[in-house]
Amino acid sequence: MDGDGEGQSRWCLSQVKGAVDDDVAEADIISAVEFNHSGELLATGDRGGRIVIFQQEQESKSLPQCRAEYNVYSTFQSHEPEFDYLKSLEIEEKINKIRWLPQKNAAHFLLSTNDKTIKLWKISERDKRPEGYNLKEEDGRFRHPSSLTTLRVPVFQPMDLMVEASPRRVYANAHTYHINSISVNSDNETYLSADDLRINLWHLDFTDRSFNIVDIKPVNMEELTEVITASEFHPLQCNTFVYGSSKGSVRLCDMRASALCDQHSKLFEEPEDPSTRSFFSEIISSISDVKFSHSGRYMMTRDYLTLKIWDLHMESRPVETYQVHGYLRSKLCSLYENDCIFDKFECCWRSDDSEVMTGSYNNFFRMFNRDAQQDVTLEASWENGSPGCPLKPWRVCTGSRRKRNEIGVDCLDFSRKILYTSWHPQDNVVALATVNNLYIFQEKPN
Amino acid sequence: TKLDDSKMAGAEGDDSLYPIAVLIDELRNEDVQLRLNSIKKLSTIALALGVERTRTELLPFLTDTIYDEDEVLLALAEQLGSFTVLVGGPEFVHNLLPPLESLATVEETVVRDKAVESLRKISQEHSPVDLEVHFVPLVKRLASGDWFTSRTSACGLFSVCYPRVSSTVKAEIRQHFRTLCSDDTPMVRRAAASKLGEFAKVLELDYVKSDIIPLFTALASDEQDSVRLLAVEAGVSIATLLPQEDLEALVMPTLRQAAEDKSWRVRYMVADKFSELQKAVGPEITKTDLVPAFQNLLKDCEAEVRAAAANKVKVFCENLPEDSRETIIMTHILPCVKELVSDTNQHVKSALASVIMGLSTILGKDNTVEHLLPLFLVQLKDECPEVRLNIISNLDCVNEVIGIRQLSQSLLPAIVELAEDAKWRVRLAIIEYMPLLAGQLGVEFFDEKLNSLCMAWLIDHVFAIREAATCNLMKLVEKFGAEWAQNTIVPKVLGMANDSNYLHRMTTLFCINALSGVCGQEITTKHMLPVVLKMSTDQVANVRFNVARCLQKIGPVLDSSALQAEVKPVLEKLATDQDMDVKYFALEAISVLALA
């Protein structure tokens, strides 16, 4: 069923960002990728607590061939390393998630979070500056007050465009465990933040209080069997959110029903196939990401080996299941030993919900066309293919005979993985992060 | 040196300009605090510039200065609201619109709200012509702005211009408001919903019926519950505007639906606004509709809703029509209240406990004894201290109706338990009710049952409790008199002066500080002063300097012979103490009491 019948896909490399040498500093490893709601801006976060924002060039928008040129717009330090003296714990500066707010005026706003603290950033442009002092020259030299014969009011003059990122709010001290998700509500005034055991609801304007809406912490921590791994608000219904767990189930909660959503209104869970049960079953069924479709009708979950699409009206089983890298099923033992089995892959929807994408190892990423039931394996690489050239699909095989663009399971490089992916909200442009590089691909129109 | 320079330069330049020049330059200083300071003195700057330059130079500068910190913008938005005279009076007030317009579009809600508040204020200073020429176009620009921030700001401006414009413009304003009520973004619909009531108030009754009612109905069934809940309050305002005969058809179906909304937040809002709603719809609809609705809210599945409704029990019952009040309470409300007394949620119980005592005045003696008293007794034994505290703090209502004796048997164990609660904040709360309780229970009951508690708090291990206990003693003496003090508490307080713990010895001094005034000269001189003086040789310096402070405090109560003969030598001795704090306070006392 592979969609590589013609030997090439319609996707081509557009841009690669970041250094290309093999020696990667820990701080430069990308840990979040997110388009804003118009797709004009693309934000990345890294382990060094920095956020880099790229802007789509205006002029190239008119030329369809190179519409996706993104250039650095703003770079700022979002989080700093901290130390919790009460618990003797280091708090890493690593950015776990970035979420854009719907645009409310000429400025742009985003939420960024590390393990403990969420921050609201404003990214704004300034193209005027005031000029004219009474008591000094513009260059700072003092002017003698004796020369003061009349008052001078400063006047704004045009200047070179300056982009500023300023911290607007810091939402701290509400999470005992590590924050894994943040999600902005469609009511445009609240957002949720989820850690391993609790989900809190915040009003964007208030940093001193949040409401606990889910708490799965057992009285006795020894009875703990399940943690929250991902959570998201419904894109249209302001009262609905879901959270996925380490046991592979997803709970849908309705905030209208009660203030504390301990009782879920829907539980999406697929019964386990006893024939494939193993020591690793629970680990690989853990939900690493959950995303609603743009229409709000479906939701997609990613576990270690598969991508599942659920109809919100059917809790018993997914309507579609895609194998991301089924060939790894026989490799779980070594993936457990090198900790890869705990990798958390994200997934994303195409703007019209007809396709989904997620990452894999060896810098491969997978796209699944839902209507045609076709899938393709592509590689993020700056060596294989120049910008503008269509990407060659890969096939991973288990046998020993290899054709062109085939690779054996044993040859896969597990240190090169694509965990973070984002799809442009309107155009067919995707952004994904390999270790320290940001790749932008675009699909050529038919 | 800058100031000196300016003085010397006075001969050539105009040195009266110098302070203003500094203020203007600091409008763009890097330090936020200095910018804020300059903005707060904007009227000084404007005054120095004169009305002409304020209009042509200062306001254009301020219009562009919207990149600043929120606190600066907030101060600016506030200043501009009272700037009319500084731009040349009402004739020129429209010059203030551009800076306020840009402030009304910033992302920070508090700044926008302040800008809108100032715009509302200066709208009154516009002549009817200026209002149509300058102000209304601004409202329209905001209402059709690209970003929801400007559209939300527009919502608050319709009601101030509507009454003063021509009927054509009125129609336009109504149209703009209608558009905003069905805006794409929930932020704008929320802003419109929250201003719907105030807009309805300035509309002609016919338009309330033809325009406002459909908008109200639409907003009350919005897909987002955050919008629906705001429509509830609008419904209350609209109900007050309509004649009684229209309420049933136009408002009640929507309000009934809100009381049974699927979202608890909407039902919470109905419960929270229940008293206002009751006043707005009048006695007949209250009887037919609100009583069953209130019963449902008291039985709601969400605790937040039950708590909000429980808070309203007393006011709702008070405002019931007199002819059927007792029957309604006894047959409809009381059964629900009885269930709430044993609710699973402590916030619900505690909300109820804070109002339930008020029912006794409404129901009278017999009903109180028969129906309410058992509930009070259950709540006095509640596991949650807040519930018990709320009952105890409202005892005065019951006292008036049946006298407190009926309760005292149960009251005592409840008070004792709270007095010994492990949480010091609970102990602190009950201490604060002691004087009230003492007054209601009478001196005999107090001496017999509560006096020992009050004394025990004096040696509590938390300072805040000991401090409150000291203050409590003073209030008790105010109630029961000096003679009672001398017989019951003064001996015990003075006895603590010999305690081996210095903290307890200090408590004696603190008590004397508090009590000397209310006990009067005789007791202070005869009983307290000797003890204080004796403590001046205490081995702990903290006690000795508190002796000095205590003498300073009680000095005014003593007569001059006691001061000269007894206090002065002791203070003089303390003034030569080795400890510098003791010395300091002794010298301070000597100077305050003029004993030097």
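Keep in mind the model is a prediction, meaning the values are calculated, not measured. FYI, side chains are in, hydrogens and waters are out, and symmetry mates aren't considered; it's all heavy atoms of this structure. Within every chain, numbering begins at 1; the chains are lettered A, B, ... in the order of the sequence lines, protein sequences first and strands thereafter.
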*Asks:* Can you confirm whether Q237(A) sits close enough to E223(B) that some side-chain heavy atom of one is under 4.5 Å from a side-chain heavy atom of the other?
*Replies:* no
*Asks:* Does a sphere of radius 6.0 Å around CG in D31(B) hold more than 12 heavy atoms from other residues, nucleotides or ligands, not counting ones at 6.0 Å or beyond?
*Replies:* yes
*Asks:* Can you say whether E69(B) sits under 4.5 Å from chain A via the side chain, the backbone, both, or neither, judging by heavy atoms?
*Replies:* neither
*Asks:* Is it the side chain or the backbone of S150(B) that comes within 4.5 Å of chain A heavy atoms, both, or neither?
*Replies:* neither
*Asks:* Looking only at heavy atoms, which of residues 260-270 of chain B get nearer than 4.5 Å to chain A?
*Replies:* K262(B), S263(B), W264(B)
*Asks:* Answer yes or no: are there more than 12 heavy-atom neighbours, outside E107(B) itself, under 6.0 Å from its atom CD?
*Replies:* yes
*Asks:* Might you point out which heavy atoms bring R53(B) and R152(A) nearest each other, and give the distance in Å?
*Replies:* NH2-CA, 4.1 Å
*Asks:* Pick one of side chain, backbone, both or neither for R228(B), based on which atoms fall under 4.5 Å of a heavy atom in chain A.
*Replies:* side chain
*Asks:* Taking all heavy atoms of R168(A) and all of D70(B), pick out the closest pair and write down the distance.
*Replies:* NH2-OD1, 2.5 Å
*Asks:* Using 0.5 Å steps for rounding, measure from the CG atom of L151(A) to the CD1 atom of I20(B).
*Replies:* 6.5 Å
*Asks:* So do V155(A) and E57(B) actually touch side chain to side chain, heavy atoms under 4.5 Å?
*Replies:* no
*Asks:* Under 4.5 Å from any heavy atom of chain B, what part of L204(A) do you find: side chain, backbone, both or neither?
*Replies:* neither
*Asks:* With only heavy atoms counted, which part of R143(A) is less than 4.5 Å from chain B, the side chain, the backbone, both or neither?
*Replies:* neither
*Asks:* Under a plain distance cut-off of 3.5 Å, with no hydrogens placed, do T109(B) and D205(A) share a side-chain donor-acceptor pair?
*Replies:* yes
*Asks:* Considering residues, nucleotides and ligands other than E137(A), do more than 12 of their heavy atoms fall under 6.0 Å from its CD?
*Replies:* yes
*Asks:* Does the pair D64(B)/K128(A) count as a salt bridge with the N-to-O cut at 4.0 Å?
*Replies:* yes
*Asks:* Could you tell me the separation between the CG atom of N134(A) and the CG atom of L27(B), rounded to the nearest 0.5 Å?
*Replies:* 10.0 Å
*Asks:* Do R129(A) and R28(B) come within less than 4.5 Å of each other through their side chains, counting heavy atoms only?
*Replies:* no
*Asks:* Answer whether the closest heavy-atom distance between the side chains of T63(B) and F156(A) falls below 4.5 Å.
*Replies:* no
*Asks:* Do NZ/NE/NH1/NH2 and the carboxylate oxygens of K122(A) and E108(B) come within less than 4.0 Å?
*Replies:* no
*Asks:* Do L135(A) and Y18(B) touch side chain to side chain, with heavy atoms closer than 4.5 Å?
*Replies:* yes
*Asks:* What are the residues of residues 101-111 of chain A, in order of number, with any heavy atom under 4.5 angstrom from a heavy atom of chain B?
*Replies:* Q103(A), K104(A), N105(A), A106(A), F109(A)
*Asks:* Given that the side chain runs from C-beta out, which part of T150(A) has a heavy atom under 4.5 Å from chain B: side chain, backbone, both or neither?
*Replies:* both
*Asks:* Regarding N239(A) and D225(B), do their side chains bring together a donor and an acceptor under 3.5 Å, going by distance alone?
*Replies:* no
*Asks:* Where is the tightest heavy-atom contact between Q224(B) and S186(A), given as atom of each residue plus distance?
*Replies:* NE2-OG, 3.2 Å
*Asks:* Determine the option with the most heavy-atom pairs under 4.5 angstrom with chain A, choosing from V110(B), T65(B), T185(B).
*Replies:* T65(B)
*Asks:* Of the non-hydrogen atoms in P154(A) and F61(B), which two are nearest, and what is the gap between them?
*Replies:* O-CD1, 3.3 Å
*Asks:* Of the non-hydrogen atoms in E302(B) and A257(A), which two are nearest, and what is the gap between them?
*Replies:* OE1-O, 4.2 Å
*Asks:* Between E304(B) and chain A, with a heavy-atom cut-off of 4.5 Å, which part of the residue counts as in contact: side chain, backbone, both or neither?
*Replies:* side chain
*Asks:* Could you tell me which portion of T149(B) (side chain, backbone, both or neither) has an atom closer than 4.5 angstrom to a non-hydrogen atom of chain A?
*Replies:* both
